[in-house]
Amino acid sequence: MKKQKSYSIDQCVLYKISSKKKLADILNIPLNSLMSLAKSKNNYRIFELPFEQCEFTGKTRNARVVQEPKKLLKAVHARLQKLISRIEAPKYGHAAIKGRSYRSNASEHISSRCLATLDVRKFYPSTRQSLVRNFFADQLCCAPDVADVLTKLCCFFGASKTGSSVGLPTGSPLSPILSLYANKPMFDKLQGYSNDNSLIFTCYVDDITFSGETLPKDIIRKVEEIVYSYGHTIAIEKTKIFRENDTKHVTGVAIKNNKISVPHSRFKKARAIEKIISNVPQEEITKKRTLQRKLSGLLGEAGFLDSRYKPWAARSYADLKKLEYEFSQLYKQVDLK
């Protein structure tokens with residue numbers, strides 16, 4: 001299979017689209033269907049993911065509302081995601097870009113003595129309609145009416161507890177990459193601040209990281225000012241500063257002694273799951289299989305971060321394979337009865 005190469009933005013098929021008919025052709029959808037989608041107020045399935053607490057670590061995750069595009073709009077979003085993700089991305093961006101990940105994001109800071117991480121509050125909802133339109137109109141140089149249609153297709157127009165809500169949908173495959181480009185002027189400004197202070201800057205969706213030999217004393221205030229000027233705010237309670245001898249945590253990755261490693265909390269979680277599995281009676285194969293799947297996924301991710309975890313991950317996958325076979329045999333016997 002031929003590897004898809006990235007290209008400059010002026011080589012993107014979305015660049016300088018001059019008519020809605022051409023846009024419809026590019027998105028593989030009839031023009032009348034495209035316009036109906038752009039006008040519809042019923043394009044999303046809206047639901048809430050409840051408050052969660054991990055049974056193994058006690059870590060909590062607050063309840064959150066998800067706006068998931070329905071089938072036809074989701075196909076359009078997937079097509080746009082495919083096209084936009086092929087654009088040669090800025091060096092600081094690491095989410096939703098082929099060949100980059102949360103690991104590559106952390107790796108950029110591996111040799112820095114000091115590090116600061118900041119989180120943009122409610123990043124998708126606060127990525128305003130105007131920012132999305134500016135991407136299509138100014139960066140992709142689409143005709144004004146085409147930029148309008150694309151904005152309506154990509155943004156969620158609905159109600160929230162605080163009133164009307166117009167921003168990127170939280171459950172779309174398009175939002176991660178589009179949020180990078182819609183907010184590129186802000187990220188470019190942060191990159192400029194980083195350059196002026198001899199720092200390294202990266203972003204992973206709403207996670208912002210700066211690092212260097214030293215950090216300016218007013219770095220938090222300066223970053224807050226830049227972010228605020230583009231309509232966002234920093235979740236100050238999540239801001240963290242790491243000094244030279246600290247184990248630094250960046251997008252779920254630990255940096256210690258200039259090496260990428262697995263956070264200790266993830267190691268503890270894996271050990272806790274492994275212990276529970278060992279105490280599950282063999283006849284409770286469904287529960288055992290579910291837990292083994294969780295363990296294998298966790299260790300597979302750990303092996304991606306740190307090769308020392310690969311043997312443990314391999315053993316876990318071998319155990320999972322056995323359980324999957326036993327499970328299939330059990331249900332084959334049930335079907336025969």
Side-chain angles (χ1 to χ4, degrees), residues 6-10 12-17 23 26-27 37-38 43-44 66-69 73-74 76-98 100 105 118-158 160 164-193 201-208 223 226-235:
S6 60
Y7 41 56
S8 60
I9 195 167
D10 61 355
C12 178
V13 70
L14 296 170
Y15 190 72
K16 284 190 175 181
I17 298 178
L23 174 63
I26 289 169
L27 296 180
L37 271 182
N43 287 328
Y44 291 88
V66 177
Q67 303 104 19
E68 180 182 49
L73 182 61
K74 195 169 189 176
V76 170
H77 280 201
R79 173 68 174 158
L80 286 168
Q81 183 274 333
K82 185 177 181 180
L83 296 173
I84 295 171
S85 65
R86 291 175 180 170
I87 297 171
E88 188 174 358
K91 187 175 183 294
Y92 52 68
H94 288 264
I97 298 165
K98 192 168 184 179
R100 303 185 198 178
N105 182 68
L118 305 95
D119 185 272
V120 182
R121 194 185 302 279
K122 296 182 179 178
F123 186 51
Y124 288 163
S126 63
T127 296
R128 305 185 314 275
Q129 174 188 2
S130 59
L131 295 174
V132 176
R133 190 188 184 283
N134 288 346
F135 165 60
F136 292 118
D138 298 341
Q139 296 181 53
L140 279 170
C141 301
C142 294
D145 59 339
V146 173
D148 289 340
V149 170
L150 281 165
T151 302
K152 289 175 182 177
L153 289 171
C154 296
C155 289
F156 170 75
F157 296 77
S160 68
S164 62
S165 175
V166 182
L168 293 179
T170 56
S172 169
L174 174 61
S175 293
I177 190 67
L178 184 52
S179 68
L180 173 66
Y181 287 103
N183 291 285
K184 188 173 181 293
M186 177 184 77
F187 289 134
D188 285 348
K189 192 75 175 284
L190 291 170
Q191 178 66 75
Y193 169 77
F201 162 68
T202 63
C203 65
Y204 189 86
V205 190
D206 57 351
D207 290 321
I208 295 171
V223 172
I226 292 171
V227 168
Y228 185 76
S229 70
Y230 288 91
H232 292 291
T233 57
I234 292 294

Sidechain-backbone polar pair: Gln191 side chain, Tyr92 backbone, donor-acceptor under 3.5 Å
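The answer is no, because no donor-acceptor pair under 3.5 Å joins these two groups.
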Backbone of Gly167 reached by a side-chain donor or acceptor of Thr127 within 3.5 Å
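No.
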Do [X] and [Y] touch side chain to side chain, with heavy atoms closer than 4.5 Å?
X      : Y      : result
Lys74  : Glu68  : yes
Arg133 : Asp148 : yes
Asn43  : Phe157 : no
Asp119 : Ile208 : no
Val205 : Phe123 : yes
Leu140 : Ile9   : yes
Arg100 : Asn105 : no
Cys142 : Phe135 : no

Kindly give the heavy-atom pair with the smallest separation between [X] and [Y], and that separation in Å.
X      : Y      : value
Val227 : Thr233 : CG1-N, 3.9 Å
Gly93  : Leu180 : CA-CD1, 4.3 Å
Ile226 : Tyr193 : CD1-CB, 4.0 Å
Ile97  : Ala89  : CD1-CB, 3.4 Å

For Thr151 and Phe136, run side chain to side chain contact (heavy atoms under 4.5 Å, CB included): C-alpha distance rounded to whole Å, both residues' side-chain angles, the deciding distance at 0.1 Å, then the answer.
CA-CA 8 Å; Thr151 302; Phe136 292 118; 4.2 Å; yes
Looking at [atom1] of [X] and [atom2] of [Y], how far apart are the two atoms once the value is rounded to the nearest 0.5 Å?
X      : Y      : atom1 : atom2 : value
Glu88  : Asp10  : CD    : CG    : 10.5 Å
Thr202 : Phe187 : OG1   : CZ    : 10.0 Å
Tyr44  : Leu73  : OH    : CG    : 4.5 Å
Arg128 : Asn183 : CZ    : CG    : 9.0 Å
Asn134 : Lys184 : CG    : NZ    : 13.0 Å
Leu131 : Tyr181 : CG    : OH    : 16.0 Å

Counterpart residues, salt bridge (charged side-chain N to carboxylate O under 4.0 Å, His left out), relative to Lys91 (two or more places apart)
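Lys91 satisfies salt bridge (charged side-chain N to carboxylate O under 4.0 Å, His left out) with Glu108 once adjacent residues are dropped.
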Determine whether Leu14 and Ile87 satisfy the following criterion, side chain to side chain contact (heavy atoms under 4.5 Å, CB included), listing intermediate values before the conclusion.
CA-CA 10 Å; Leu14 296 170; Ile87 297 171; over 6 Å; no
For Asp206 and Tyr124: C-alpha separation, side-chain torsions, deciding distance, then whether side chain to side chain donor-acceptor pair (under 3.5 Å) applies.
CA-CA 8 Å; Asp206 57 351; Tyr124 288 163; over 6 Å; no
Report, one line per pair, each donor and acceptor closer than 3.5 Å where one atom sits in a side chain of residues 172-179; sequence neighbours left out.
| unit_1 | atom_1 | unit_2 | atom_2 | d |
| --- | --- | --- | --- | --- |
| Ser172 | OG | His77 | ND1 | 2.6 |
| Ser172 | OG | Leu174 | N | 3.0 |
| Ser175 | OG | Pro169 | O | 2.6 |
| Ser179 | OG | Ser175 | O | 3.1 |
| Ser179 | OG | Pro176 | O | 2.8 |

